[in-house]
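In what follows, a single structure is set out as structure tokens and then discussed.
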Amino acid sequence: MADADVPYLARGIRNVETVSSVLVSSSPYLNDPRLRDWVATQFLRKSGKDRPTSADTHALYPILFEVLPLDRIEELFTQERKRWPELDAWFNAGFSSSFTIADLLDYPEGSLGYTFGRYLKDNGFEIDIVPRFEPKSQFQYYSLRSGQTHDLEHIVCGGGFDIIGELVPYWGRLSNVPRFLDPELVQLINVGQLLGALRLVTRTGLHYHQSFPKVLEAMRAGMDVGEQSGPYFMAKYEDVFHLPIPEAREALGIRGVTEVDSAAESLAWTEYS
């Protein structure tokens with residue numbers, strides 16, 4: 001068929017023959033049926049009492065740890081440590097949190113530690129998004145520490161503890177980490193952040209569009225922090241728990257913060273319509 005007879009946007013498509021008897025592509029993500037189902041479900045579904053939004057990522061990360069090229073990630077982290085002494089020192093220290101909610105509530109009111117502790121106590125939440133474990137690889141340590149600091153990033157980056165508020169720390173990381181680490185490494189270690197963030201964007205746009213302007217605001221706010229701040233993925237928040245939040249931000253190198261009040265817009269997600 002001549003190009004003139006083919007719709008403009010369909011030109012250039014060619015069929016690729018294969019001897020495979022199952023679905024196969026050049027993408028390891030598309031090749032995994034569990035991940036295909038996760039993306040289709042979490043990007044397109046509505047909210048519901050049967051499945052809290054927090055359960056999305058609980059299901060995602062075990063899949064990614066089987067799909068991602070873990071050996072290559074280790075090679076790239078090792079290369080980056082040779083290039084960047086601060087990163088090497090961070091891995092060598094291997095610091096992991098051990099504080100309790102009671103410890104946090106001992107800090108002065110208005111401090112970062114007390115604010116975090118009050119949030120956990122008032123909502124009956126636990127400290128560990130990622131259960132504490134002994135990392136056996138650089139990527140495991142990076143992932144553990146990212147989980148330990150996620151809720152703290154909500155506070156210092158200006159995102160509320162609600163569905164749309166999640167976009168602030170998500171887009172902060174997506175904008176910050178690429179400024180400091182090798183692109184190939186970031187492409188691999190930011191997959192969970194990317195998919196986790198985009199599922200909230202598509203679901204709001206598809207089902208709760210009255211909240212979509214606030215989604216855009218939260219994304220912009222997160223990107224501002226990520227683009228203007230230092231490499232806070234290595235921050236040791238525990239050293240500044242005693243400080244008021246503005247002073248803690250300054251000590252951590254967190255800049256460009258705009259507080260995003262998204263609680264009202266996030267209510268649409270909790271109506272289970």
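Since the structure is predicted, the reported quantities are computational estimates derived from the model, not experimental observations. Just the heavy atoms: all of them, side chains too, but no hydrogens, waters or symmetry mates, feed the values below.
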4.5 Å side-chain heavy-atom contact, [X] and [Y]:
| X | Y | value |
| --- | --- | --- |
| F95 | R145 | yes |
| Y29 | V39 | no |
| R51 | D56 | yes |
| E265 | T204 | no |
| P231 | E86 | no |
| N31 | L23 | no |

Mark yes or no for whether [X], through its side chain, and [Y], through its backbone, hold a donor-acceptor pair below 3.5 Å.
| X | Y | result |
| --- | --- | --- |
| D88 | P85 | no |
| E247 | L243 | no |
| T202 | R199 | yes |

message: Go through it in stages, so that I can follow the logic: the residues are K214 and D162, the test is salt bridge (charged side-chain N to carboxylate O under 4.0 Å, His left out), and I'd like the CA-CA distance, side-chain angles, deciding distance and then a yes or no.
response: CA-CA 12 Å; K214 186 62 71 171; D162 51 73; over 6 Å; no
task: Locate the shortest heavy-atom distance separating V201 from F212; write the atom from each residue and the value.
output: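 Closest approach of V201 to F212, heavy atoms only: O-CE1, 3.5 Å.
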field: Distance-only donor-acceptor check, side chains H150 and E166, under 3.5 Å
entry: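 Yes, E166 and H150 have a side-chain donor paired with an acceptor closer than 3.5 Å.
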message: Using 30° and 60° as the class boundaries, would you call the ring planes of Y119 and F116 parallel, tilted or perpendicular?
response: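 Because their plane-to-plane angle is under 30°, the rings of Y119 and F116 count as parallel.
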task: Establish, yes or no, whether a centroid distance under 6.0 Å links the rings of F91 and F77.
output: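 For F91 and F77, the ring centres are under 6.0 Å apart.
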- request: Can you tell me which residue pairs pass the salt bridge (Lys or Arg N to Asp or Glu O under 4.0 Å) test with a partner in residues 177-192, sequence neighbours excluded?
  value: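 Passing the test, one end in residues 177-192: R72-E184.
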- prompt: Residues two or more places apart in sequence or in another chain: which of them pass side chain to side chain contact (heavy atoms under 4.5 Å, CB included) with Q187?
  reply: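 Counting only residues at least two positions away or on another chain, Q187 forms no side chain to side chain contact (heavy atoms under 4.5 Å, CB included).
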- request: Identify, with sequence neighbours excluded, every residue that meets ring pair (Phe, Tyr, Trp, His ring centres under 6.0 Å) alongside F65.
  value: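 Counting only residues at least two positions away or on another chain, F65 forms a ring pair (Phe, Tyr, Trp, His ring centres under 6.0 Å) with F139.
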- prompt: Cluster question for you: counting only ILVMFWY and a side-chain heavy-atom cut-off of under 4.5 Å, with indirect links fine, are V168 and Y232 together?
  reply: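 No, V168 and Y232 fall in different hydrophobic clusters.
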